[in-house]
Amino acid sequence: QWYQRRVRVTKPITKNSVLCCIELIQLLKTIECMFHEKEEVFAATSSHLIQQLSLKVLNCLETLKKKLTQDKRYSDSSLDIIAAFNLIGHCMNGCCSGPRKVICKLALEVARQGKALSSEDNVMFVNIFRRIEVITEYQSKVRTACDTSFVYWHRSIAPVYFAHVFSNPTLAPNLQYFFAALADCLMQITQMKHLSTEKDKLALLEQDIRDHFEKEILVPLCNEIETDLRLSTHSHLQLDDRNPLKYGKKNISALLATPPIRFFDSYLDIKKHVTHYLDSTFYNLTTVALHDWRSYAVMRNLAHQKYGLQMIEAHLPSQTIEQGIDVLEIMRNIHVFVSRYSYNLNNQLFVEQSSNNKHLNTINIRHIANSIRTHGTGIMNTTINFTFQYLRKKFFVFSQFLYDDHIYSRLVKDARFFKEQKEELDQCYPYERADKFNRGIRKLGLTPDGLSFLDQFRILITHIGNAMGYIRMIRSGGIHACASAIRYVPDLDDIVNIEELTKEEELPADTIIAAANLDS
């Protein structure tokens with residue numbers, strides 16, 4: 001009520017006051033949970049308590065009836081009072097239902113009006129009936145006293161409380177009582193009229209609380225555990241001082257030890273959420289950088305030892321898998337491929353020229369064979385035709401360069417010189433002449449990258465060679481794939497007769513018949 005009055009008059013409330021109110025709310029739900037846990041004990045003892053109280057009432061009624069019957073002033077009113085006492089006795093001999101308690105109160109009021117009860121007897125009857133009422137209606141009374149449906153109108157306290165719990169993990173066991181208080185809001189939700197169905201109303205509240213819970217507890221907890229695992233794994237590096245005796249350390253294990261919390265029709269499991277987050281994070285990062293698989297394996301084991309998290313093994317290879325880059329991907333980006341890779345003619349191997357990662361990609365015949373086995377041999381013709389179209393464009397540029405006037409004239413001049421002087425030069429083109437030719441080409445102009453026309457022509461020849469090497473590798477990969485597929489096909493020129501082998505081994509007749517059927 002104090003909190004509601006402060007909100008009603010729009011006065012600011014300090015954080016400590018809000019936390020105190022939440023502690024009181026949790027105390028109410030703690031009391032309610034205690035009664036719920038001891039339900040069996042109350043059910044077993046309540047009948048004995050009611051029986052004992054009923055016996056006191058019956059003994060007192062017998063005493064009062066004797067006094068009335070022995071009284072010399074016995075009248076019709078005394079008869080009515082005795083009938084009221086008999087009615088109370090009959091009601092007390094049965095179960096203490098609601099109508100019986102009402103009848104007992106009315107009969108007691110009749111006896112009270114007839115002045116048949118002394119003040120002591122009256123107080124005794126009132127106390128006994130009050131005790132019986134408390135025993136029989138304690139469930140509804142506890143439910144009413146511990147009702148926290150008003151929290152629905154003050155949902156803004158949820159993020160404050162969640163942040164406080166994350167700062168003080170020892171308070172994590174009390175989270176279940178706060179969510180139990182939110183569960184009482186269901187009564188308020190059913191009375192709302194601006195939404196069509198009760199399911200929509202419940203979903204709005206549940207999503208709102210879940211968002212606050214994830215933002216204030218789950219996300220910071222996952223980040224802090226991941227950071228702690230990384231720093232512990234890389235403790236051999238030069239890191240900041242992490243001495244807990246100097247800077248202190250939160251016991252976040254208390255949050256992980258919190259049992260699953262029921263929230264309406266679902267459960268909030270902090271430990272399961274953190275485990276899933278670390279599993280997905282470690283798996284995704286391992287797929288990006290396979291060379292870091294050992295670090296994430298150590299972090300996974302450390303999470304189990306330090307926080308008790310049962311994590312799943314990634315089962316990823318510790319090195320590059322054999323599949324390599326797909327043939328279709330290379331075909332679609334053939335212009336990028338020939339510019340970024342270098343071809344080893346002897347080993348039929350493409351090696352990446354440079355990379356931002358810690359490794360270089362390679363493409364060999366096995367990679368091509370695996371891609372052909374995956375997509376089928378039909379991609380070979382498509383890939384080769386696409387590469388030939390790319391080569392046609394490159395050869396067109398090649399011919400344009402050679403027939404350029406500036407280039408053609410210099411080449412004709414050098415060719416004439418070599419033809420006239422080849423005997424004197426011993427069939428060797430002089431280096432000085434080649435260097436002069438190169439300087440002459442540079443005078444024609446340079447690109448912004450400092451490349452001359454001759455440098456660009458050299459790059460063009462490299463691209464053409466890479467494309468032709470790729471075609472050669474496609475042919476070799478196709479042969480390799482066919483050879484791998486045909487290894488299980490028997491030699492038709494030398495087919496083994498299984499029936500004869502079984503006869504030589506003198507196997508049973510049934511085995512020989514089965515071998516004959518297999519041969520046929």
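Excluded from the calculations below are hydrogen atoms, water molecules and symmetry mates; all remaining heavy atoms, backbone and side chain alike, are included.
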Might you point out which heavy atoms bring A254 and A172 nearest each other, and give the distance in Å? O-CB, 3.9 Å
Between I368 and G477, what is the shortest heavy-atom contact and its length? CG2-CA, 4.0 Å
With a sphere of 6.0 Å drawn around CG of L518, does it hold more than 12 non-hydrogen atoms of other residues, nucleotides or ligands? yes
Looking at D279 and I312, would you say the former's side chain and the latter's main chain have a donor-acceptor pair under 3.5 Å? yes
K29 and C146 have their tightest heavy-atom pair at NZ-O, 3.5 Å
Inter-residue atom distance L55.CG - Q52.CD, 0.5 Å rounding: 8.0 Å
D147 side chain vs R143 backbone, donor-acceptor pair below 3.5 Å: no
Would you say the side chains of E206 and S266 form a donor-acceptor pair under 3.5 Å? yes
Under 4.0 Å between a Lys/Arg side-chain N and an Asp/Glu carboxylate O for R210 and E214? no
Could you tell me whether the side chain of F162 reaches within less than 4.5 Å of the side chain of L175, counting heavy atoms only? yes
Is the OH atom of Y283 crowded by more than 12 outside heavy atoms at less than 6.0 Å? no
Looking at CG of N16 and SG of C21, how far apart are the two atoms once the value is rounded to the nearest 0.5 Å? 11.0 Å
Flag yes if more than 12 heavy atoms outside R262 fall under 6.0 Å of its CZ atom; otherwise flag no. no
Taking C-beta and beyond as the side chain, do L256 and L221 meet within less than 4.5 Å on heavy atoms? yes
Is any side-chain heavy atom of Y307 closer than 4.5 Å to one of D228? yes
Least distance between heavy atoms, S371 atom then I379 atom: O-CD1, 4.1 Å
Would you indicate whether the side-chain heavy atoms of K271 and L255 approach each other to under 4.5 Å? no
All heavy atoms of F264 vs all of A183, minimum pair found to be CE2-CA, 3.9 Å
I want to check something: taking the side chain as every heavy atom from C-beta on, are F35 and V41 in contact at a cut-off of under 4.5 Å? no
Whether the side chain of T511 engages the backbone of L507 through a donor-acceptor N/O pair (distance < 3.5 Å, no angle test) should be reported. no
Results of side-chain hydrogen bond (donor to acceptor under 3.5 Å, both in side chains) for R131 - residues two or more places apart only: none
Below 4.5 Å, heavy atoms only, C-beta onward: do P159 and K215 meet side chain to side chain? no
Any donor and acceptor pair, going by atom type alone, linking the side chain of D184 with main-chain N or O of S149 inside 3.5 Å? no
For Q51, check side-chain hydrogen bond (donor to acceptor under 3.5 Å, both in side chains) against everything at least two apart and list the hits. none
Pairwise distance OG1(T502) to CD1(I513) - rounded to 0.5 angstrom: 10.0 Å
E40, CD atom: more than 12 neighbouring heavy atoms under 6.0 Å: no
Any side-chain heavy atom of L309 sitting closer than 4.5 Å to one from H304? no
For H375, look at atom NE2 and say whether over 12 heavy atoms of other residues, nucleotides or ligands are found less than 6.0 Å away. yes
Examine distances only and state if a side-chain atom of S232 and a backbone atom of L229 form a donor-acceptor pair shorter than 3.5 Å. no
Note: E329-R332 ion pair, threshold 4.0 Å (strictly below): yes
Give a yes or no on whether the backbone of T170 and the side-chain of N168 come within a donor-acceptor separation of less than 3.5 Å. no
Residues, nucleotides or ligands: over 12 heavy atoms within 6.0 Å of N59 CG: yes
Determine whether the side chains of Y177 and E32 contain a donor N or O and an acceptor N or O closer than 3.5 Å. no
Tell me if a side-chain donor or acceptor on H367 pairs with a main-chain N or O of V327 at a distance below 3.5 Å. no
Is it true that F179 and F213 have ring centroids separated by less than 6.0 Å? yes
Find out whether S295 and R230 are in side-chain contact, i.e. whether some heavy atom of one side chain is under 4.5 Å from a heavy atom of the other. no
